[in-house]
Amino acid sequence: SRFIVIIASMSPYSPAAQLLSQIWETKKSIKSLSYDKKGSLKVSKSTYAQVCHVLENQNVLKEVVSTIKIPCRNESLLYVLLYELLLGPNKKIRGGGVVKRLIMKKEKELKGVLAKCAANSPRVIFPKYARVNTLKYKTDDALSDLKAQSDSIHVDPHVPNLLVLEPNCKLHDLPSVKSGNIVLQDKSSCFSALCLIHGNRDPLKGNCIDACAAPGQKTSHLAALLPKTSTIYACDRNEERLKILQQRMKLLVGNIRPIVIKHIDFLTTKQSDFPNAKGILLDPSCSGSGIFTSIDRLADSKDDDQERIQHLANFQLVVLKHAMSFESIERIVYSTCSINNQENEEVVKEALEAQGDKWQLCAPYCLRGWERRGNDVEGLTSQQAKCLIRADRDDKTNGFFVAYFERKKLDGGSVEATDMDNSSSVATKSTITHPDQFQVTTDNHTIPVKVKNSVAKQLVANNGKTEKLQSAIPKKRTKKLAWKRRQMDQKRKRLLEKKKQASLLEKKKQALLLEKKKQASS
């Protein structure tokens with residue numbers, strides 16, 4: 001079997017097999033492994049395309065391989081060759097080799113299994129979405145620019161300035177995309193920034209925090225939605241991701257809006273790090289189980305690891321509770337690209353149990369026409385579940401989850417979940433202009449805010465700056481959270497090193513066995 005690997009290395013598909021193997025082993029994205037720092041492709045275009053196609057069809061190929069056993073140790077080469085034979089444009093494998101002969105012996109069986117797999121697992125195809133960067137470009141100009149790329153193009157009914165195009169149109173190399181005038185961003189991922197700014201009838205004014213900002217799509221969307229005078233504090237603890245964030249902000253925002261980029265772990269921050277902040281966009285690390293169309297997501301084989309999901313949910317809860325501890329914050333959006341209850345409704349429920357006296361769920365006003373809502377889970381009322389936003393593949397976008405929180409008023413009279421048609425704890429007659437999309441005039445009675453005690457009166461008088469009601473996280477807790485994070489990072493590094501050493505040891509053993517076979521044959 002080792003002999004098969006050596007012969008296979010001479011295959012014309014070897015470069016694609018090597019790149020695919022690197023993706024599986026390192027869990028890095030195909031772009032990070034294929035492009036250098038200057039943005040030039042390190043592998044051939046055909047190799048890059050082959051690996052993209054294999055990853056797109058990985059689930060089907062995996063089922064075929066598990067059904068029809070082929071004795072080949074070079075799994076990555078096996079997947080590449082199977083794709084070329086079963087799904088490739090020519091439906092054949094070029095060249096020769098042992099692996100090809102093994103595959104061709106079972107060609108009929110493989111094609112039969114493929115037909116069944118394809119019927120059971122239809123490929124997910126969504127429209128292409130392109131968000132107009134209104135800081136630099138007008139929607140009408142973008143529509144004219146993209147008409148040549150798609151026979152069908154229109155503005156999305158839910159997200160202002162988001163264009164919907166045909167699935168097969170190619171946009172990456174367009175000058176308007178490279179210049180940052182147009183941002184390729186999936187529809188559901190636009191919900192986070194939209195809900196933070198326009199979740200209430202009255203758009204959010206003041207500075208905002210993007211707690212887990214890299215790579216910067218949502219940060220740039222915030223910049224486009226906020227007033228010119230508002231500052232965005234964009235945080236990320238990963239140095240490599242922070243560099244990407246800086247590059248994206250330079251391209252998409254430049255000096256048009258004030259953005260302060262912080263290389264910091266949000267869990268170690270305190271309220272004074274973000275002067276005059278009124279809103280937090282919290283989109284922490286998640287399992288990504290809702291991303292049906294991402295090539296890098298398809299390369300990740302850890303989707304159903306319940307231990308990993310629970311570990312992520314624990315982290316998400318800690319970060320959300322930390323965000324809720326900032327007394328100056330009026331609104332929080334918590335979002336994930338996961339479809340798991342553990343990372344979504346369960347996290348919201350736990351956060352409300354801990355901070356429910358200060359925060360309430362509200363149905364985002366800007367998405368009042370969106371039908372798919374949160375799942376019913378124990379601990380959340382049906383009204384609260386209706387305040388949550390979910391997206392799924394049936395909505396022609398990737399899976400997504402959004403929870404929009406508003407701080408409760410001083411009189412304590414606010415309901416735990418605001419009705420979807422009357423979103424806002426304290427509503428008045430107001431006229432709102434939703435950017436380039438709609439204008440709404442609403443009439444509603446004012447809910448009076450009663451100040452019942454001297455401390456509350458002092459808070460109102462001082463515009464929320466009374467030291468008596470400040471409740472920063474205790475230093476011990478902050479240190480403990482930072483220590484836990486360091487321990488998690490160290491454990492992950494140890495596991496990766498252990499896996500690497502085991503892989504090297506296995507290679508050495510195989511090399512020794514091969515050498516012994518050569519000596520025996522000679």
Side-chain angles (χ1 to χ4, degrees), residues 1-65 70 72-104 107 110-111 114 117-118 123-125 128 167-174 177-178 184 215 240 244 247 288 291-302 500 503 507:
S1 58
R2 185 63 183 175
F3 183 66
I4 291 173
V5 178
I6 294 170
I7 297 299
S9 64
M10 295 184 288
S11 165
Y13 302 101
S14 290
Q18 289 170 6
L19 178 57
L20 183 61
S21 181
Q22 282 183 301
I23 293 169
W24 285 344
E25 289 176 6
T26 63
K27 301 300 179 186
K28 291 184 178 180
S29 71
I30 186 172
K31 288 185 178 179
S32 66
L33 293 172
S34 304
Y35 286 87
D36 58 24
K37 293 181 179 180
K38 295 181 180 180
S40 301
L41 199 60
K42 296 188 291 185
V43 298
S44 69
K45 289 185 178 180
S46 60
T47 294
Y48 187 85
Q50 280 176 341
V51 175
C52 286
H53 291 316
V54 172
L55 292 174
E56 286 172 354
N57 296 277
Q58 181 174 266
N59 290 337
V60 171
L61 293 173
K62 187 175 182 180
E63 195 167 344
V64 171
V65 170
I70 297 176
C72 176
R73 292 182 65 86
N74 194 337
E75 189 177 18
S76 56
L77 180 61
L78 177 62
Y79 271 68
V80 173
L81 296 185
L82 283 173
Y83 167 77
E84 288 295 321
L85 176 66
L86 302 175
L87 301 165
N90 300 316
K91 299 290 190 300
K92 67 178 182 179
I93 302 172
R94 292 182 289 114
V98 178
V99 181
K100 176 182 176 179
R101 290 196 293 272
L102 289 170
I103 291 173
M104 298 309 294
E107 182 179 5
L110 290 167
K111 289 183 176 180
L114 174 70
C117 294
R123 186 179 172 186
V124 178
I125 299 176
K128 281 280 178 66
N168 297 325
C169 63
K170 297 181 180 179
L171 306 176
H172 288 84
D173 295 328
L174 290 180
V177 173
K178 289 186 174 181
L184 303 183
E240 290 185 9
I244 298 172
Q247 292 170 359
I291 305 179
F292 307 114
T293 56
S294 169
I295 290 173
D296 294 323
R297 165 67 186 163
L298 293 170
D300 192 347
S301 60
K302 301 182 291 183
K500 185 178 178 181
S503 178
K507 288 180 180 179

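Note that the structure is predicted; figures quoted are calculated from it, not measured.
Shown here are the side chain to side chain contact (heavy atoms under 4.5 Å, CB included) partners of P215, two or more places apart in sequence or in another chain: R241, I244. Annotation: side chain to side chain donor-acceptor pair (under 3.5 Å) contacts of E107 (sequence neighbours excluded): K111.
Taking 4.5 Å as the limit, every side-chain heavy atom of V51 sits out of range of all side-chain heavy atoms of V43. I70 places none of its side-chain heavy atoms less than 4.5 Å from the side chain of V65.
Nearest heavy-atom pair across A16 and Q50 is CB-OE1, 3.2 Å. When all heavy atoms of K100 and G95 are compared, the closest pair comes out as NZ-O, 2.6 Å. In plain terms, the two heavy atoms of T47 and S44 that are nearest each other are OG1-OG, 2.8 Å.
Of the inter-residue distances, the one linking H53 atom NE2 with L61 atom CG reads 12.5 Å to the nearest 0.5 angstrom. The distance from atom CD1 of I23 to atom OG of S34, rounded to the nearest 0.5 Å, is 6.0 Å.
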Show which side-chain atoms of residues 75-93 pair as donor or acceptor with protein atoms under 3.5 Å away, not counting sequence neighbours.
from: S76; atom 1: OG; to: A17; atom 2: O; distance (Å): 3.0
from: S76; atom 1: OG; to: N74; atom 2: OD1; distance (Å): 3.0
from: K91; atom 1: NZ; to: G88; atom 2: O; distance (Å): 3.1

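Within 6.0 Å of atom NZ in K500, 12 or fewer heavy atoms from other residues, nucleotides or ligands are found, so the atom counts as exposed in its surroundings.
A donor atom on one side chain and an acceptor atom on the other are not found under 3.5 Å apart for S14 and Q18.
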